[in-house]
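Start at 1 with the first residue, then count along the sequence. These numbers were taken from a predicted model, which means no experiment stands behind them. Keep in mind that the numbers below use all heavy atoms, side chains included, and drop hydrogens, waters and symmetry copies.
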Amino acid sequence: MRQREVHSENYFLGVALTFVYLSLSLLFSKFINSNEISKFTDAMLEIDPSWIPAYSLSKNLFVERQWLFQHFMRPLLETGGFGFAALVGRLFSFLLLAFGWISLGKALRIRTSLLIFALAVLIPRQSLVAGEWIFLGVEPKVWCYGFCFIGLSKLLRPIESLQGTAFWFGLATSVHPLVGLYCSLSGFGLLLLMQPSVAFSLKNLARGGLMFLFAGIFAVRPVLEFLFQPHLHQSSPQSPNSSFVYVFLRTPHHLDPWSWPHGWWYYAAICFSLIVLLLICLYQLPRFQLDRDGRFAVRSLVTFTALTCFPFAFGLVVRFFDHEGKILQLYLFRVADVMVPLTTVLLAAVFLERLLELSQKSFLDTWLKGVVLTLFLLSSIPFLSGMKSYEHFPLGTPGVSASWFELCSWARQNTKRDTLFITNPHDTFSFPWLARRKIVGTFKQVPLSGGLNVWYQKMTLFGGNQEPWNTTGFHFSRWLSSQYRQLTETRVKELGSIWNADYFVTTASHKLGFPVAFHNNGYTVYDLRRKNDDVTSQQREL
């Protein structure tokens with residue numbers, strides 16, 4: 001297939017095939033995941049605060065910045081619940097990503113079959129090291145990347161006007177202010193370096209700036225709140241600095257380079273080495289050299305990715321000085337973490353595209369289509385299995401066994417609306433959704449636990465008041481889970497008194513001397529109401 005044939009490939013057919021592949025591969029993968037449960041729970045509480053009786057969701061930046069996402073998902077959540085919202089939301093996400101992926105492929109002049117093969121290579125390892133991802137579920141950042149890909153695809157070609165590009169980057173910023181702003185700044189930097197005459201045109205800047213503000217209007221409020229409302233960042237006397245808690249205790253896998261696995265840079269070195277090697281092949285080897293438009297597109301993609309790496313490199317340096325996490329909390333590693341692997345895969349696809357052109361052997365193109373067809377067939381197996389399991393939703397959802405669902409149903413039908421449950425902080429984030437009852441808190445759900453400072457105090461109490469913590473992040477969450485299953489009757493009584501809780505939920509093998517309110521083969525619910533002591537008003541606020 002020669003370049004003119006690649007150009008003649010139907011754009012919408014490519015989008016449709018990519019959408020189908022993403023849906024087959026990922027629609028029912030980990031359906032629904034913990035991030036979706038948390039974001040849907042927050043969204044429902046924003047829509048209807050009485051969705052979980054006696055619960056008041058703290059107004060904070062981590063919820064407000066998702067306004068557009070929440071209001072898009074609102075009719076889906078209200079109409080069909082979490083399962084329906086996840087299903088339709090994922091399909092929309094995959095469709096948007098398909099448009100973005102094919103737009104990038106068209107700009108780089110890669111055939112659709114090769115783009116789908118590149119996706120199959122990328123999806124299993126999307127993150128460089130910081131645990132970010134693009135292709136998986138439904139989240140604001142997924143939509144943001146979809147819009148950014150469309151905007152970036154326009155910058156991979158010479159342009160005369162900024163309006164179209166500014167619109168897509170502005171829309172991305174509305175959906176997810178942080179990712180959108182990082183991508184927008186990198187996009188503008190790319191324009192300055194590659195097309196300065198366009199970037200320095202006052203007419204273009206004025207029109208592009210207005211279009212960016214128009215499309216990015218929903219990012220204005222959260223950005224202003226973050227910059228000028230100090231109550232969003234204040235700490236309580238009982239806990240460390242809120243940025244320290246968020247960066248080094250709650251989310252170190254995303255934000256703290258010193259918590260990353262040893263030897264993480266091996267994968268980074270492989271990606272950067274491949275990028276350099278592929279650029280040498282595409283620019284220096286006469287046989288593989290691209291034409292002018294091809295070189296412009298490749299150079300623009302690599303430049304954009306290099307610009308996203310500046311915050312990443314800055315974060316590695318600033319870690320030595322930012323002991324409170326005030327700078328690291330800005331997710332300096334996020335965009336580069338996904339753009340470096342993505343760019344590596346796309347450049348490899350450009351090289352393979354060039355190789356296929358030069359070979360002039362049709363059987364290679366036929367072989368590639370056969371590989372892609374095999375990928376579709378292999379993906380259809382878990383898809384059909386997942387579609388069958390969806391009939392029994394929410395059973396089969398990660399963490400939702402038949403015994404857990406039975407417990408949640410009992411709680412929803414047989415307890416008072418203002419009942420407070422103590423649950424395992426590690427893996428019970430589905431309880432508020434399924435039981436519609438208030439819980440003390442979980443490691444995963446910071447807003448649901450009362451905000452960052454209260455969350456820290458609660459997790460510390462679950463861990464036996466050990467300060468500083470013996471580990472951080474999800475390692476600490478898993479440690480909390482093991483500690484929870486070994487809590488003594490005396491300690492459970494103390495926790496029940498501190499939080500004025502009504503019930504204690506634990507595994508069936510965890511034997512305590514409290515009255516049993518519910519029991520099945522997986523779980524036991526103990527009644528604490530007759531064991532609670534009076535507590536001070538300060539304790540009750542926890």
Side-chain angles (χ1 to χ4, degrees), residues 15-41 43 69 72-73 76-77 80-102 115-128 130-146 149 176 253-254 334 337-338 341-342 345 371-402 404-405 426-427 429-430 433-434 444-445 474:
V15 169
L17 290 172
T18 304
F19 169 72
V20 170
Y21 177 72
L22 287 172
S23 300
L24 288 174
S25 302
L26 300 173
L27 183 60
F28 293 112
S29 175
K30 297 180 181 178
F31 189 88
I32 60 179
N33 62 48
S34 60
N35 282 6
E36 290 167 329
I37 291 174
S38 296
K39 292 185 182 301
F40 291 171
T41 300
F69 172 81
F72 181 92
M73 298 300 294
L76 303 177
L77 289 166
F82 280 26
F84 179 71
L87 191 69
V88 177
R90 285 189 175 198
L91 289 172
F92 176 78
S93 299
F94 299 153
L95 182 61
L96 183 58
L97 288 171
F99 273 104
W101 188 251
I102 293 298
L115 283 170
I116 293 174
F117 179 72
L119 264 183
V121 173
L122 176 65
I123 287 173
R125 185 66 186 267
Q126 303 174 46
S127 167
L128 192 65
E132 295 294 342
W133 50 267
I134 300 173
F135 302 93
L136 185 57
V138 50
E139 278 195 33
K141 69 177 180 182
V142 175
W143 299 356
C144 177
Y145 281 116
F149 288 168
H176 196 294
H253 58 290
H254 287 319
R334 167 165 268 168
D337 191 58
V338 291
L342 183 145
V345 169
V371 170
V372 171
L373 179 60
T374 302
L375 290 173
F376 274 86
L377 293 175
L378 291 175
S379 300
S380 66
I381 297 173
F383 176 84
L384 294 173
S385 175
M387 187 168 60
K388 186 175 181 179
S389 299
Y390 182 71
E391 298 174 2
H392 307 288
F393 183 86
L395 295 180
T397 299
V400 181
S401 61
W404 178 252
F405 184 69
H426 173 63
D427 55 3
F429 41 80
S430 62
W433 156 43
L434 296 173
K444 176 71 178 175
Q445 296 159 306
F474 288 114

Is there a donor-acceptor contact under 3.5 Å from the side chain of Gln126 to the main chain of Ile134? yes
When rounded to the nearest 0.5 angstrom, what distance separates NE2 in His253 from CZ in Phe474? 4.5 Å
Is any side-chain heavy atom of Phe92 less than 4.5 Å from a side-chain heavy atom of Met73? no
Working to the nearest 0.5 angstrom, can you tell me the gap between Lys444 NZ and Ser34 OG? 4.0 Å
Measure the shortest side-chain to side-chain distance between Ser25 and Phe135 over non-hydrogen atoms and say whether it is less than 4.5 angstrom. no
Closest contact, heavy atoms only, Phe149 versus Leu342: CZ-CD1, 3.5 Å
Give, for atom CG of Leu26 and atom CZ of Phe94, the distance between the pair rounded to the nearest 0.5 Å. 4.5 Å
Pair Trp101-Leu22, side-chain contact (heavy atoms from CB on, under 4.5 Å): steps then yes or no: CA-CA 11 Å; Trp101 188 251; Leu22 287 172; over 6 Å; no
Rounding to 0.5 Å, atoms OH (Tyr390) and CG (Leu27) come to a distance of 9.0 Å
Do the side chains of Val138 and Phe72 get nearer than 4.5 Å, heavy atoms only? no
Could you tell me whether Phe19 atom CZ has more than 12 heavy atoms of other residues or ligands within 6.0 Å of it? yes
Roughly how far, to the nearest 0.5 Å, is CG of Leu115 from CG of Leu17? 11.0 Å
With a 6.0 Å cut-off on the ring centroids, do Phe393 and Phe31 count as close? yes
Between Ser127 and Asp337, what is the shortest heavy-atom contact and its length? OG-OD2, 2.6 Å
Considering all heavy atoms of both residues, which atom of Leu128 and which atom of Pro341 are nearest to each other, and what is their separation? N-CG, 3.8 Å
Quick one: which of Thr397, Val400, Leu87 gives a side-chain contact (heavy atoms from CB on, under 4.5 Å) with Ile32? Thr397
Residue of the set Val345, Val372, Thr18 for which side-chain contact (heavy atoms from CB on, under 4.5 Å) holds with Leu119: Thr18
Heavy atoms of Lys388 and His392 approach each other most closely as O-CD2, 3.8 Å
Mind running side-chain contact (heavy atoms from CB on, under 4.5 Å) on Lys141 and Trp133 for me, showing each step along the way? CA-CA 9 Å; Lys141 69 177 180 182; Trp133 50 267; 3.8 Å; yes
State, yes or no, whether a side-chain contact exists between Phe429 and Asn35 at a heavy-atom distance under 4.5 Å. no
Between Trp433 and Phe40, ring centroids under 6.0 Å: no
Main-chain N/O of Leu377 paired with Ser380 side-chain donor or acceptor, under 3.5 Å: yes
Distance-minimising heavy-atom pair for Arg90 and Lys30: NH2-O, 3.3 Å
State whether a side-chain donor-acceptor pair under 3.5 Å links Ser93 with Trp143. yes
Ignoring hydrogens, what is the shortest heavy-atom contact between Phe405 and Pro394? Give both atom names and the distance. CE1-CG, 3.5 Å
Step-by-step side-chain contact (heavy atoms from CB on, under 4.5 Å) determination, Phe376 to Ile116: CA-CA 10 Å; Phe376 274 86; Ile116 293 174; 4.0 Å; yes
State whether the side chain of Ser379 and the backbone N or O of Leu375 hold a donor-acceptor pair below 3.5 Å, judged by distance alone. yes
CD-CZ distance between Glu132 and Arg334, expressed to the nearest 0.5 angstrom: 4.0 Å
Given Val15, which of Leu95, Leu97, Leu96 fulfils the side-chain contact (heavy atoms from CB on, under 4.5 Å) condition? Leu95
